[in-house]
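Structure, as structure tokens:
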Amino acid sequence: MNPLLNKAFFCAVVLLLGGCSSRSLLHHSATGQQSGTDYRMIFYIHGDGDYLYHTSEGTPIQADNHAMDKALNVARDAVSGDVYIFHRREKRSFLGLFPRNKSRMYQFTGGEKVREISYRGDNDASGFMEEESELFSDYSENLQDEQSPVIFLYFGHEIPQQPEKGYHLSYNNREFSTEIFTEEIRTFLPAGKKRFNLVALSTCSNGTPEMASQLKPIARTLIASPQNLHLSHLDVRALGLLEDSPRSDSASVSIADSIAKDSFNRLSEEVRTAVTISVYQLDELTTDLEILLDSTEIYGRKNRLNHGRDNIDCADELKLSGLAIHRGVNSFYQPAQFGSHQSKNTHSGWGCKPTLSE
Amino acid sequence: MTHTLKILSATAFLLFSLMGSASAQQNLSETFKKHFNETVQNVKASDNPAEQRQLLNTSFDKMLRAVDRIDESKNLTEEEREQLALFKDQIDEKKSELNGLDGFDEVQDDELIDFSDYSQQEIEQANKTLTISLTSALLIVLILLLL
């Protein structure tokens, strides 16, 4: 056979085989695997959608890549812990024929990368995080100590309250909702561990009574934005504080406050829209959360809510005592420089959907 | 000449990117963002408030015309029309504030650059993106409307 044809045939076979497998091991190293696992962090970075934003100088940034840089920096500094990073990216194919594994999983142990896997989904009707959950199940190990802190961080657009399709641009038949999110991240809890020490949502409009209520059984502390959050996302350098007291249960609480404060300080300098970031101590909310949730449900039944619009402050809609609104919530807020809410000087820290008339 | 080049390069870029991923939805959202980024940079490059205001008004009008053109498409679902309506409301509100309409105080001349940043950040941090399935032909029409 002609040598050129030989090469072409070989290339075609490689492409075909590469396209057949929905996972490829790109890197594996045994070093670092025996190092400490005093804590665990799991990053899920959603990039299968439009995440373009521009800096004040006009430089285009892909928010998911920017979040990846932050996650990788945290992972390299986590010398006492293990870190899993999932970067969900748009489905692509070569010449429209051979699907490519564009999404990535990184596993770091003791600050060193021990595994990198490229992957893709094949089924448009699977669970929202099905591939990531399977990868995690295949490659994660049990924690030596069930008391070790476990933190889950999600970077993406607003997680819809009601089931909606179209969140993954490439798999737009997959439904996503607050309830689906809660059920799926539960699969990332190690055996014997019932709750995450901290769940951080770097998304718009998920600091809501509904999200807090859903997460309460599986998380102790939640960071989320009740209203819009700029695509430059939360600052997570404070996760490095886990190195000072890796096994401390209370470290997650102070880390959550530091993440919220760092993010607020940067965003309030850079952004002219409203900045709202809240830390919710979910155990402290108890009956107050139930009152708040009941009130939002009654309000939702009486009024037609506009689920497509930006959240508003729950305190502006619901007539509740300050106690029910503020206990267990540490809120950072700066009003927008323009717009109809620029003179609003306080925020309850809770976001609610507006009515259709607003 | 520059205008023709822009049209040709935008069309070529669009066709090329559609061949790779067929993600017209993403391109629609990004098309608006790229257009408005250009507007904001032009506003910042100008030191004439009248020109800055004009640039913003022209850009808002172009985006509103583009939205109207998409809305004429018969294939849109109810959900897609809702997304479009929300996006249009957002642009309408910015235009009203810029010009002191609908209960807003007019944006002062020395605040136009800040207002352009604010408008861009509002558009780019929208809680949901425009996930509307458009034909490539319609997307090209939209890009031409925004030029």
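Reminder, nothing fancy here: chain letters follow the sequence lines and each chain counts from 1.
With a threshold of 4.5 angstrom between heavy atoms, A/E270 approaches chain B through N, CA, C or O but not through any side-chain atom. Both the backbone and the side chain of B/F115 come within less than 4.5 Å of a heavy atom in chain A. For B/E82, no part lies near chain A; criterion is any non-hydrogen pair under 4.5 Å. Of the atoms belonging to B/K44, it is side-chain heavy atoms, and not backbone ones, that fall under 4.5 Å from chain A. Neither the backbone nor the side chain of A/S232 comes within contact range of chain B; no heavy atom of the residue lies under 4.5 Å from a heavy atom of that chain.
The most heavy-atom pairs under 4.5 Å with chain B, out of A/G339, A/A336, A/S170, A/A274, come from A/G339.
With 3.5 Å as the limit, one finds no donor-acceptor pair spanning the side chains of B/S116 and B/Q120. Donor-acceptor pairing under 3.5 Å is lacking for the side chains of A/E90 and A/H168.
Taking the ring centre of A/F176 as origin, the terminal cationic atom of A/K165 falls outside the region bounded by 6.0 Å and 45° from the ring axis.
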May I have the step-by-step check of side-chain contact (heavy atoms from CB on, under 4.5 Å) for A/Q161 and A/E179, ending in yes or no?
CA-CA 8 Å; A/Q161 197 172 310; A/E179 190 178 347; over 6 Å; no
Evaluate side-chain hydrogen bond (donor to acceptor under 3.5 Å, both in side chains) for A/D310 paired with A/Q227, printing each intermediate quantity in order.
CA-CA 7 Å; A/D310 296 341; A/Q227 296 191 246; over 6 Å; no
